[in-house]
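Heavy-atom basis, side chains included; hydrogens, waters and symmetry copies ignored. These numbers come from a predicted model, not from an experiment.
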Amino acid sequence: MRYAALALGIMSAAACSSEPAPNPFPPAAQTAFYEVCSGGEAYCGCSWDKITRHFTAEEWAAAQATLDATGHPDPRIVVIANACREETL
């Protein structure tokens, strides 16, 4: 249920063109993301754009640390991945 509510919130924001402004990220974070993103240019670009709009740099670092430690992604990552998969098909 939590995933559905989160997905609805992110998709609603996208549909209304009212996504939040991108948060500042260090250039190294973007470089590191693109080095591991294997979905192609459009998918990776979409994902990075949404990541910067729905995470702060600190939240993203924490989400990555949790993923590395537990193997479980932050629910926002799942929603972003699914949304960008749909957008770039």
Side-chain angles (χ1 to χ4, degrees):
M1 185 65 154
R2 185 174 15 174
Y3 291 116
L6 183 60
L8 182 59
I10 290 176
M11 287 188 222
S12 295
C16 296
S17 298
S18 62
E19 287 212 32
N23 291 302
F25 274 73
Q30 183 177 10
T31 300
F33 174 79
Y34 277 97
E35 286 175 355
V36 298
C37 184
S38 61
E41 187 176 332
Y43 173 80
C44 295
C46 173
S47 297
W48 183 251
D49 180 65
K50 290 184 183 310
I51 287 165
T52 63
R53 293 174 188 278
H54 295 282
F55 285 87
T56 64
E58 294 79 15
E59 290 171 331
W60 179 246
Q64 291 303 295
T66 298
L67 178 61
D68 291 344
T70 67
H72 299 290
D74 183 295
R76 293 173 290 180
I77 296 171
V78 175
V79 172
I80 287 168
N82 290 336
C84 287
R85 199 169 291 117
E86 288 290 320
E87 288 179 28
T88 60
L89 286 178

Establish whether Y43 and I51 are linked, either directly or via other cluster members, by ILVMFWY side-chain heavy-atom contacts under 4.5 Å.
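In one cluster: no.
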List the residues meeting side-chain hydrogen bond (donor to acceptor under 3.5 Å, both in side chains) with D49, not counting sequence neighbours, and say none if there are none.
R53
Considering non-hydrogen atoms only, spot the tightest contact between [X] and [Y] and give its length.
X	Y	value
D74	A63	CB-CB, 4.0 Å
H72	T66	O-CG2, 4.1 Å
G71	P73	O-CD, 3.7 Å
C46	T88	CB-CG2, 4.3 Å

Please list, one pair per line, the donor and acceptor atoms closer than 3.5 Å that link side chains of residues 34-41 to other protein atoms, with sequence neighbours excluded.
none

Could you pull out all residues at least two apart from T56 that satisfy side-chain contact (heavy atoms from CB on, under 4.5 Å)?
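T56 satisfies side-chain contact (heavy atoms from CB on, under 4.5 Å) with N23, E58, E59 once adjacent residues are dropped.
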What residues form a salt bridge (charged side-chain N to carboxylate O under 4.0 Å, His left out) with R85, not counting sequence neighbours?
none
Under the ring-ring contact (aromatic ring centres under 6.0 Å, His included) rule, collect the residues that match up with F33, sequence neighbours excluded.
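Checked F33 against ring-ring contact (aromatic ring centres under 6.0 Å, His included); matches are W48.
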Would you say Q64 and I77 make side-chain contact, with heavy atoms under 4.5 Å?
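Yes. Closest side-chain heavy atoms under 4.5 Å.
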Under 3.5 Å, is there a donor-acceptor pair between the side chain of R76 and the main chain of H54?
yes
Pairs in or reaching into residues 20-31: which pass salt bridge (Lys or Arg N to Asp or Glu O under 4.0 Å), with residues at least two apart or in two chains?
none
Given side chain to side chain contact (heavy atoms under 4.5 Å, CB included), test W60 with T52 step by step and report yes or no.
CA-CA 9 Å; W60 179 246; T52 63; over 6 Å; no
